[in-house]
Amino acid sequence: MTQLRVDTTSRAALSSLSAIKAAGSGNNKFNGLLTPPDSPLALKARQQKSKVSEVVAVAGEDEHKGGREWIRHPVSWSLFKRYVDAQNIEPLGRSLETHTTYEMVMAARRKEYGSVAKYLTTHVLPDFTASTMEAGFDPHSALVVEDFELLVNDFPYYLSDDVEHWVLWCRKRLSPGFAAPAAAVQAIHAKFGVSVEWRYFVNPVAKQSVPQLSHAHVFVKRV
């Protein structure tokens, strides 16, 4: 997801997470759960995951939520490329902190707007999605660079700090997989230039958090 506005509902949902982060000061790091499993911080992390389940339950199960589980350690760019080039994205995920924040914010969005897609079309992509209603727009026509919009991912996968995680929204349907259409490549090059290293994939439908809005994940390492 991208550019999520943290309003009153989200701040309330995240208040318990802030308390846990404050408790993890010093050498203990919440990201990656680098503490012993019986430590107070690890116990708080497990309690936090339970709270996430409660928030999701309150929001209801009427919308497919998708997403990935959290991972313990950041993935380097070289290892990330090996995974994606082998078309194996199962080892990827968010840090525990980012995953917990993501789940709570998504649950708050569903509760307030009925769906994450409704929130995005209202606050993040209103003009972009409205353009699909214009006369002459054909969702089955060939992709062109104007069909894409790149926005930074507010809840990125847990990668080394030199890797950027973006979401490439598309007005037309993108197929799951790892081959970027020519128009998507043009959009990426227009945004970042031709000298950057990048990888692209569209999650399987079962892993898509907002299947109603077609999007790909783009990862960039600037040279």
Side-chain angles (χ1 to χ4, degrees), residues 1-18 48-70 89-90 92-134 137-140 143 146-158 165-177 181 184 187 200-219:
M1 298 309 89
T2 61
Q3 305 293 320
L4 295 184
R5 179 174 55 89
V6 181
D7 53 18
T8 302
T9 303
S10 296
R11 284 195 295 269
L14 296 176
S15 60
S16 57
L17 176 60
S18 298
Q48 182 65 25
K49 286 178 70 66
S50 177
K51 290 179 181 179
V52 170
S53 298
E54 293 174 4
V55 172
V56 171
V58 169
E61 299 296 335
D62 57 328
E63 184 190 7
H64 174 77
K65 286 178 270 296
R68 297 183 176 279
E69 288 299 316
W70 59 275
I89 55 179
E90 288 306 312
L92 304 178
R94 298 176 174 90
S95 68
L96 177 57
E97 179 181 354
T98 302
H99 175 77
T100 303
T101 304
Y102 170 84
E103 291 288 353
M104 297 184 78
V105 171
M106 293 301 100
R109 292 288 174 255
R110 294 183 188 98
K111 184 177 181 180
E112 183 174 355
Y113 293 90
S115 71
V116 176
K118 178 64 175 178
Y119 168 77
L120 290 169
T121 57
T122 302
H123 295 291
V124 180
L125 300 164
D127 296 335
F128 188 66
T129 53
S131 67
T132 62
M133 301 293 105
E134 295 175 355
F137 176 76
D138 180 3
H140 305 293
L143 288 168
E146 290 78 16
D147 288 324
F148 295 96
E149 182 165 348
L150 270 160
L151 296 176
V152 69
N153 194 319
D154 285 339
F155 305 104
Y157 290 175
Y158 198 12
H165 185 176
W166 294 72
V167 178
L168 182 64
W169 299 98
C170 185
R171 300 191 300 171
K172 300 167 186 173
R173 184 56 52 183
L174 295 172
S175 300
Y200 161 109
F201 63 78
V202 177
N203 269 323
V205 175
K207 294 290 187 180
Q208 294 179 14
S209 54
V210 192
Q212 302 94 327
L213 300 176
S214 190
H215 62 282
H217 292 266
V218 174
F219 303 83

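The residues of the chain are indexed from 1 along the displayed sequence.
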Distance check, rounded to the nearest 0.5 Å: H217 atom NE2 versus N203 atom CG? 4.5 Å
Min side-chain heavy-atom separation E97-Y158 under 4.5 Å: no
Heavy-atom closest contact (P176 atom, P204 atom, distance): CB-CA, 4.1 Å
So which atom in H215 and which in V202 form the shortest heavy-atom distance, rounded to 0.1 Å? O-CG1, 3.7 Å
Those residues that, when tested against D127, pass side-chain contact (heavy atoms from CB on, under 4.5 Å) (two or more places apart): none
Student check: side-chain heavy atoms of V105 and D154 closer than 4.5 Å: no
Quick check for you: to the nearest 0.5 Å, what is the distance between T132 atom OG1 and D138 atom CG? 12.0 Å
Compare all side-chain heavy atoms of F155 with those of R94 and state whether any distance is below 4.5 angstrom. yes
Heavy-atom side-chain proximity of V116 to S209 below 4.5 angstrom: no
Which heavy atom in A216 sits nearest to a heavy atom in Y200, and how many Å separate them? CB-CE1, 3.3 Å
With S131, which residues qualify under side-chain hydrogen bond (donor to acceptor under 3.5 Å, both in side chains), at least two apart? R171
Pairwise distance CG(D147) to CZ(F128) - rounded to 0.5 angstrom: 7.0 Å
Over all heavy atoms of both residues, which pair between A184 and F148 is shortest? Give the atoms and the distance, please. N-CE1, 3.6 Å
Using the ring-ring contact (aromatic ring centres under 6.0 Å, His included) criterion, which residues pair with F219? Sequence neighbours excluded. F80, Y157, H165, F201
Beyond-backbone contact of K118 with E112, side-chain heavy atoms, under 4.5 angstrom: no
Can you tell me which residue among L168, V167, L125 is in a side chain to side chain contact (heavy atoms under 4.5 Å, CB included) with E149? L125
Do the non-hydrogen side-chain atoms of N153 and W166 ever get within less than 4.5 Å of each other? no
Is any side-chain heavy atom of P181 closer than 4.5 Å to one of L174? yes
Measure the spacing between NE2 of H140 and NZ of K172 and express it to the nearest 0.5 Å. 10.5 Å
